[in-house]
Engineer: 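One structure, as structure tokens, below. Some questions next.
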Amino acid sequence: MVIKEEILHSVGAITRHYQPSEVIFNEGDIPKYYYQIVHGEAKLNNYTDDGKEVIQTLLEDGQSIGESLLFLDKLYPVNAVAITKCSVLRLPKAIFLDLIKLYPEISFNMNKTLSQRLYFKLIMAQNLSSQNPAAKLKVLMDYLKSFQKEQSPYSFMIPLTRQQMASLTGLCVETAIRTIKVMEKKKIVKIKDRKILY
DNA sequence: TCATTAAAGTTAT
DNA sequence: ATAACTTTAATGA
């Protein structure tokens, strides 16, 4: 969690509720608020000209949404959309920036968050250019698994749908599915009632 | 080789 | 029930 919820409340953050697929902000909107997910799952996405979804980031409890734009004078380059029902704390940008100046711990956490996002982007950037589908999926899974304590084979259930994995790696779902099956044959993953174990 | 299209089965809401 | 997700197969770049 980037900022303690009590602090956010105490400086006037309000809780907003979103239904699945409800928009939190749109590409092109002016960034005016800091958002932090209390509970739920959301994503940052774009659409290619032919309508295919590209997922930039998946976000869950405790994570902030689109925070990098609060330090810039730019419009949002992505949409933020709730995946599940979400409750989100929302704080005006100016107050957020004051918090950053006031509390070293919050500032540090924000640096950490931004570094985290940058790291993910670097890893995924390498991935999107070149590479075969199996390598792309493996890089994604390695990244996800890197947060787990348990590192033994097949101990990690990938918390994504094949659809989401495809949208994160720029593959079409069918290719993702076929590739995952090949990876199962090669003992890279196991599949237990449709769930991917890595 | 991978994307696309279509069609159908499965799961979640 | 309906929508979202998964799977298979055929076809084309």
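Order of the sequence lines fixes the chain letters, A, B, ..., with proteins taken first and strands second; residue numbering starts at 1 for each chain. Just so it is clear, the values below take in all heavy atoms, side chains as well, and ignore hydrogens, waters and symmetry mates.
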Engineer: Grab the two heavy atoms, one from A/Phe25 and one from A/Val78, that are nearest each other, plus how far apart they are.
Structural biologist: CE1-O, 3.6 Å
Engineer: Taking only the side-chain heavy atoms of A/Glu174 (C-beta and beyond), determine which of B/dA3, C/dC5, B/dA6 contains the nearest atom.
Structural biologist: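 The answer is B/dA6, which lies nearest to the side chain.
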Engineer: Exactly one of A/Asn46, A/Asn45, A/Asp29 should register a side chain to side chain donor-acceptor pair (under 3.5 Å) with A/Asn79. Which one does?
Structural biologist: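 Single pass found, and it is A/Asn45.
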Engineer: Between A/Val173 and A/Arg194, which residue's closest nucleotide on DNA chain B lies nearer the 5′ terminus?
Structural biologist: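 Closer to the 5' end of DNA chain B: A/Val173.
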Engineer: Calculate the interatomic distance between A/Ile83 atom CD1 and B/dA12 atom C1'; express it in whole Å.
Structural biologist: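 Going from A/Ile83 (CD1) to B/dA12 (C1'), I get 15 Å.
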Engineer: Nearest-Å distance, CD (A/Gln19) to C1' (B/dT13)?
Structural biologist: 12 Å
Engineer: Would you mind classifying the nucleic acid contact of A/Pro133 as base, sugar-phosphate or nothing, using non-hydrogen atoms under 4.0 angstrom?
Structural biologist: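 Here A/Pro133 touches the backbone only, sparing every base.
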Engineer: Can you identify which nucleotide, out of B/dA3, B/dC2, C/dC5, has its nearest atom closest to the A/Asn132 side chain?
Structural biologist: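 It is B/dC2.
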Engineer: Under the side-chain contact (heavy atoms from CB on, under 4.5 Å) test, which residues partner A/Lys101, sequence neighbours left out?
Structural biologist: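 With neighbours one apart ignored, the set is A/Asp98.
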Engineer: Distance check needed: C/dC5 P versus A/Ile180 CD1, whole Å only.
Structural biologist: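 Value for this atom pair: 14 Å.
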Engineer: Examine A/Phe147 and A/Tyr198 and state if one hydrophobic cluster contains both, with Ile, Leu, Val, Met, Phe, Trp and Tyr joined whenever side-chain heavy atoms are less than 4.5 Å apart.
Structural biologist: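 Yes; A/Tyr198 is reachable from A/Phe147 via cluster members.
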Engineer: C/dT7, OP1 or OP2 - any side-chain N/O from A/Arg162 closer than 4.0 Å?
Structural biologist: yes
